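Structure, as structure tokens:
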Amino acid sequence: MTRKEYRTATKLVRGGVKRSANQETAEALYMTSGFVYSSAEEAAAAFRDEADVFVYSRFGNPTIKMFEERLALLEGAEACRATGSGMAAVFGAMACQLEAGDRVVASRALFGACHAILTKILPRWGIVTELIDGTDMAAWETALAKSAKLVFLESPSNPVLDLVDIKAVATLAHKLGALVMVDNVFASPLYQQPLALGADIVIYSTTKHIDGQGRLLGGAVLGKRDFVEDVFLPFYRQTGAAISAFNAWVMLKSLETLPLRVAAQTETAGKIAGWLFQHLKIKKISYPGHSSHPQHELAKQQMSGFGSLLAFEVDGGEAAAFTVLNNLQLIDISNNLGDSKSLACHPYTTTHSNMSPEDRASLGISGGHIRLSVGLEDADDLIEDLGQALAALGTR
Ligand SMILES: *Cc1c(COP(=O)(O)O)cnc(C)c1O
């Protein structure tokens, strides 16, 4: 009998469930580091990978497996492994496949720690990365005219919400035999499916929308079985990137409400973007769903929703941005994102302060730039909060 292919919301409630002999309704939380064997022979077979049993929670765990299976169903991926943080996913998915002499091509607009792995850590092992303007297809063509092992990109990017044409980049990369890895945190798995667009590997910080309530760290690597199970898994098992079963269990249950939460946040983000756009103190907004976004057409092609993150630039540079942040009464100042609480940050002096002024300028991260992660509060309360904080700039 073939299994019925359910729709997304159903997969997120039912996918991956494996009940124990107790027939519990909710997924069980297996807080155990180890597992016992019925015989010495079974233990020996387990270590030869010949027995279908759990061995040690650094290798795999029943709760973690349910989380991985549910995520793989959502993404439409053959395989998934969950990690202790988003950065463990990014680093592991790179380090498991790269070696000295390899060349990586990446879009310059990246999460700060991803930028640091590519520019500070991997070069110590002789792996060089060329960073380019990911919005510029001509730059991709030039960079991918010579051999590369891996392409890494984020779209929409943090913190400026630039897009990369994933399908076009994947076509170029595959001519060289390079794998394409996409950090899909900003879009969330609901609104963009990089694998369907031609990418080979998708990574998440599940800390963000997937937990969605600002509690836990986690990450995931998804892709074809021959990458995730044959290349990534051996590295993951030996280097200790595993997620805690508790964190996996909370996030497994969070997946049940992901579509409801992200849809509500996205609707509010769209309202806020429209409201900010007409505000006199705002120089520019960046929201892929707004017609003023230079890549709005691409956003409509490769995303099915525009997400809960937006950025805007206030008139008056850093001093004005600090005034706005310091006058917020409801929205918190925090560098986290994807939370049920709306959070605002000043990337220039926080998440991206390690970058040179030239790098920040080339990415469009200016003193007046504020990133907003829209939460689950009432849209009108958020708009009123932004309104009163912007009013503190006066009427010059
Ligand atoms: C948060 C984040 C990461 C890192 O994830 P952690 O869970 O904090 O390790 C990577 N990429 C993007 C786009 C992120 O937002």
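Predicted, not measured: the structure shown is a model, and the values here were computed from it. First listed ligand is number 1; within each ligand, the first listed atom is number 1.
- Distances below 4.0 Å separate heavy atoms of E154 from the following atoms of ligand 1: 13 (C).
- Proximity to G218 (heavy-atom distance under 4.0 Å) selects the following atoms of ligand 1: 7 (O).
- Within the structure, the closest approach of L337 to ligand 1 falls below 4.0 Å when heavy atoms are considered.
- Here N158 has no heavy atoms under 4.0 Å from ligand 1, in either its backbone or its side chain.
- Look at A88 and you'll find every heavy atom at least 4.0 Å from all atoms of ligand 1.
- The pair R70-E27 counts as a salt bridge, with a side-chain nitrogen and a carboxylate oxygen less than 4.0 angstrom apart.
- Of the polar atoms of S205, at least one N or O is found under 3.5 Å from an N or O of ligand 1, judged by distance alone.
- Atom CD of E24 sits in a crowded spot, with more than 12 heavy atoms from other residues, nucleotides or ligands closer than 6.0 Å.
- Taking OG from S308 and NE2 from H209, the interatomic distance works out to 3.0 Å, rounded to the nearest 0.5 Å.
- The protein atom (non-hydrogen) at minimum distance from atom 9 (O) of ligand 1 is M87 N, 2.8 Å.
- Atom 15 (O) of ligand 1 has its closest protein heavy atom at K208 NZ, 2.7 Å.
- Between S244 atom OG and L217 atom CG the span is 10.5 Å, to the nearest 0.5 Å.
- Between D165 atom CG and D136 atom CG the span is 12.0 Å, to the nearest 0.5 Å.
- A donor-acceptor contact under 3.5 angstrom links the side chains of E377 and S342, judged on distance only.
- Evaluated by nearest non-hydrogen atom to atom 11 (N) of ligand 1, the leading choice among D183, L217, V185 is D183.
- In this model, no donor atom of one side chain and acceptor atom of the other lie less than 3.5 Å apart for Q329 and D385.
- With ligand atoms numbered from 1 in the order given, ligand 1 contributes 7 (O), 9 (O) to contacts under 4.0 Å with heavy atoms of S85.
- Cation-pi geometry between R360 and Y348 is satisfied (NZ or CZ under 6.0 Å from the ring centre, within 45° of the ring normal).
- When hydrogens are left out, the protein atom nearest atom 6 (P) of ligand 1 is G86 N, 3.4 Å; that is the closest non-hydrogen contact.
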